[in-house]
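Let me begin by presenting the structure, written as structure tokens, before commenting on it.
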Number of protein chains: 2
Amino acid sequence: MAKRGPYEKGEAKRTEILHAALEIFAAEGYRGTSLRKVAARCNLSLPGLMHYFSSKEDLLTQVLRMRDETARVRQTERTGEPSYRDIIREGAQTPGLVELFVSMAAAASDPEHPAHAHFAERYPVLRERVAGYVRQRMDEGRLTTEIPPERLAVLLLALADGIQLQWLIDRSTDMEQPIDDVFRLLAVGRDGGGEAPEPERE
Amino acid sequence: MAKRGPYEKGEAKRTEILHAALEIFAAEGYRGTSLRKVAARCNLSLPGLMHYFSSKEDLLTQVLRMRDETARVRQTERTGEPSYRDIIREGAQTPGLVELFVSMAAAASDPEHPAHAHFAERYPVLRERVAGYVRQRMDEGRLTTEIPPERLAVLLLALADGIQLQWLIDRSTDMEQPIDDVFRLLAVGRDGGGEAPEPERE
DNA sequence: GTCTATATAGGGATAGAC
DNA sequence: GTCTATCCCTATATAGAC
């Protein structure tokens, strides 16, 4: 029979733990999450879990890393290019994730927080990614050049984060409407009062 | 000598505790804050503190209440009308406060969270307040009516929250620039490419 | 690779003295 | 109004058996 690699089972369990931890961190926050609960979700005792991750902090950072990794892969697979709207859509599909990232981002503003480095590195990357997308749209003549790409990227990211925060508290909030609205304002050839072309949905 | 009211000293201490708690909740989050630490900051023992507040949850809700109250009063004193930009400015002056509200808002999305009710009530009020401000500007002909006031309010609030979140992580973020930018986009009489009037700074 | 048992620390909350 | 002392719970992390 097929001989399995030496770490076959361990790797599978590791991944299982990461997914369970993601869910629970999202639901309870970093401090609110107990490793026991994560362990139990994986039919493991606490020391069993700590065989894979040396500390709670270690677990968190690896969860965040995995999260960004899968998001990146999924995006590239689909379009070859990251789409700004995907950031929003993804959130809507997995509520807990939005909460995880918003609350983590806030908590991580403390330089002592285990996730500080992660978010400090992540934002500039996101900004540059969105700026690139915006620049391309401008080159194609589909977006006003009134606001420089870098500044517009900050604005769009802020809008995305903020609308997700509002949605967290009031689930009836329409997350796509404000995005549509701002793209309408940004469309070229508008005159400030009349009909504007429906912006494309991506 | 002047006879003090029966609760003179108690009220002063109460207020002192609320201010200390605000700071510490902001720095450490709800779960991360220990009542002992709050007590120590006020030169009090834990039971000393619990003489004033029956539980940690009680303390949190009263902190949030006080916070909104003072913000409201300050606004009304200054202009008689709430200004959208004040929301941002206020945040910039007291960093911990931004973190408190963003992280609390995220954590409070859980209906079980002690602050859930507070935020659930707060957002609609803010939205209506901003919508009123927007409506007035539209009536004066200083703002495009392309987007209805209620929808624009959602967008502006999201932008404010989001930019504060970005600023939490990267303190070099300019919190006023995106606000200026969006108001420029919203100004009437623009043509989508040329010079736009500098939006007023209030 | 996973367990039981335990060390160590800290949390919220209460009883009862002063 | 404030204290000391204490209860009981839960947390992370480790030691050492299987």
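Here is the naming used below: chain letters follow the sequence lines, and residue numbers restart at 1 for every chain.
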Tell me which donor-acceptor pairs under 3.5 Å the side chains of residues 116-123 of chain B have, and how far apart each pair is, sequence neighbours excluded?
| residue | atom | partner | partner atom | Å |
| --- | --- | --- | --- | --- |
| B:H116 | ND1 | B:A108 | O | 2.6 |
| B:R122 | NH1 | B:D68 | OD1 | 2.8 |
| B:Y123 | OH | B:D161 | OD2 | 2.2 |

Results of side chain to side chain donor-acceptor pair (under 3.5 Å) for A:K56 - residues two or more places apart only: none
Contact residues, residues 39-53 of chain B to DNA chain C [heavy atom, < 4.0 Å]: B:L46, B:P47, B:M50
Polar side chain donor-acceptor pair, B:Q177 to B:D181, under 3.5 angstrom: yes
Of residues 20-35 of chain A, the positions that come close to DNA chain D - non-hydrogen atoms, cut-off under 4.0 Å: A:T33, A:S34, A:L35
Residues forming a salt bridge (charged side-chain N to carboxylate O under 4.0 Å, His left out) with B:E112, sequence neighbours excluded: none
Whole angstrom value for the distance that separates P of C:dA13 from NZ of B:K56: 8 Å
Rounded distance (Å) that lies between atom C1' of C:dT2 and atom CD1 of A:I17: 11 Å
A:S55: side-chain contact (heavy atoms from CB on, under 4.5 Å) partners, not counting sequence neighbours: A:E57, A:D58
Summary of ring pair (Phe, Tyr, Trp, His ring centres under 6.0 Å) pairs that have at least one residue in residues 31-55 of chain B, sequence neighbours excluded: none
Any pair counted as salt bridge (Lys or Arg N to Asp or Glu O under 4.0 Å), so long as it reaches residues 16-27 of chain A, sequence neighbours left out: A:K13-A:E16, A:E23-A:R41
N/O donor-acceptor pair, side chain B:R36 with base C:dG12, under 3.5 angstrom: yes
List, one per line, each side-chain donor-acceptor pair under 3.5 Å for residues 24-35 of chain A, sequence neighbours excluded.
| residue | atom | partner | partner atom | Å |
| --- | --- | --- | --- | --- |
| A:E28 | OE2 | A:K37 | NZ | 2.9 |
| A:T33 | OG1 | A:I24 | O | 3.3 |
| A:T33 | OG1 | A:G29 | O | 2.6 |
| A:S34 | OG | A:K37 | N | 3.1 |

